[in-house]
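Scroll down for the structure; my scribbles are underneath it.
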Amino acid sequence: MAATESEDVEKLFTFDAAVMREIPDSLKEQALRSKDLGEVDLDKAREHQAHFKRVMSDHLKLDLTVLPADENLPDCCFVEDCAVVVAGKALITRPGDPSRQPEVTLIKRILGGGLGQEIVEMTEKGATLDGGDVLFTGKEFFVGLSSRTNQKGANSLANAFPNYPVSGVKVSGHLHLKSMMSMAGPGIIAVGSSDHAQKAIRQIKKVSNFDYMTVTLPDDAAANCVYINKTLLHCSEDEFPESYKVFAEKFPKTTRVPIPNNELFKVDGALTCKSLLICKKPKV
Ligand code: CIR
């Protein structure tokens, strides 16, 4: 990548604000989940959420908006699924599970209000899209075609962001595309080692318009990390010791912050799903 080109991509991973949402009590019994991984300890989940908020505001110095929980929306703390935000524009999604669709109302109000984002809505009938299926590399989008996101949803994304190529990737074995991969830096995709994850990354390599480096993690869940303001937020050593080692070895010079997440993981919550990252003053 030429120097200016890589600086432009870096700018797209640079943020000055974030939106999160508190965890409702109803999450424990009613949040959607793909398998039974045991009961969620709400106190611990909220401790983890508080830790993440501190990383966002104190460490990363983001202007953090924390929305109140809504007991009627048990999955409302997974804000990533409600919008795709790039360089001042926010596509408000239609989440694939109907129980989650009302979550977008407040997210739209906040993004289009004080956070000053240009709002685009999904108008195509039958289109569904979860933010957890959207992998933005800074140069193009890959969209997981999953139980939550369909081709029409991918088309809506392409219409909203016409400057970037959009390619669909079939998701198997996981809720979302980003349940098994994510950006670990500009041009670097962290990916899990399961057959499902490897199948997905092979599809990406076939259809991508640019070259990417991949870092393979022993655990698919650990391949969901967040690269923001030159800092890599990733799994904790307790939860995924082998994957933690890989992050330490492959990113020796990057500031890394481990994030505990084992309670929300029981209801398919990954690290990326906890926040929407915003640039109030985009420079690209
Ligand atoms: C759901 O099934 O919709 C929630 N329990 C978890 C959503 C997690 N979203 C994400 O990682 N982007």
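We count ligands from 1, going down the list as the structure has it; atoms in each ligand are counted the same way. Just so you know, these numbers use all the heavy atoms, side chains as well, and skip hydrogens, waters and symmetry mates.
- Atom 1 (C) of ligand 1 has its nearest heavy-atom neighbour, among R148, H174, Q30, E103, in R148.
- Salt bridge present: E39 and K28 bring a charged side-chain N and a carboxylate O closer than 4.0 Å.
- Under a 3.5 Å cut-off, the side chain of N224 and the backbone N or O of T272 do form a donor-acceptor pair.
- Nearest protein heavy-atom contact of atom 6 (C) of ligand 1 is V267 O, 3.2 Å.
- Ranking protein heavy atoms by distance to atom 12 (N) of ligand 1, first place goes to E80 OE1, 2.7 Å.
- Salt-bridge annotation for D195 and R202: absent, with no side-chain N of the basic residue lying under 4.0 Å from a carboxylate O of the acidic one.
- With a 4.0 Å cut-off on non-hydrogen atoms, R100 touches ligand 1 through its side chain and not its backbone.
- Residue-ligand proximity: D81 is placed with a non-hydrogen atom under 4.0 Å from ligand 1.
- In terms of heavy-atom proximity, Y227 sits nearest to A184 at CD1-O, 3.5 Å.
- Ring centroid separation for the pair Y164 and F136 comes in under the 6.0 Å cut-off.
- Between K178 and D133 there is no salt bridge, since none of the side-chain N atoms of the basic residue sits less than 4.0 Å from a carboxylate O of the acidic one.
- The shortest contact between atom 4 (C) of ligand 1 and any protein heavy atom is with D75 OD1, 3.2 Å.
- Atom 11 (O) of ligand 1 has its closest protein heavy atom at C273 CB, 3.1 Å.
- A 6.0 Å sphere centred on CZ of F265 holds no more than 12 heavy atoms belonging to other residues, nucleotides or ligands.
- Atom 8 (C) of ligand 1 has D268 O, 3.3 Å as its closest protein atom, hydrogens excluded (heavy atom only).
- Checked against a 3.5 angstrom limit, the closest N/O atoms of L32 and ligand 1 fall inside it.
- Atom NZ of K266 sits about 14.0 Å away from atom OG of S34, to the nearest 0.5 Å.
- Salt bridge present: K11 and D8 bring a charged side-chain N and a carboxylate O closer than 4.0 Å.
- Residue contact check: A270 has heavy atoms under 4.0 Å from atoms 11 (O) of ligand 1.
- Within ligand 1, the atoms closer than 4.0 Å to a non-hydrogen atom of G132 are 12 (N), numbered from 1 in the order shown.
- Atoms of ligand 1 lying under 4.0 Å from at least one heavy atom of L175, given by number and element, are 2 (O).
- Under the 4.0 angstrom criterion for non-hydrogen atoms, H176 is in contact with ligand 1.
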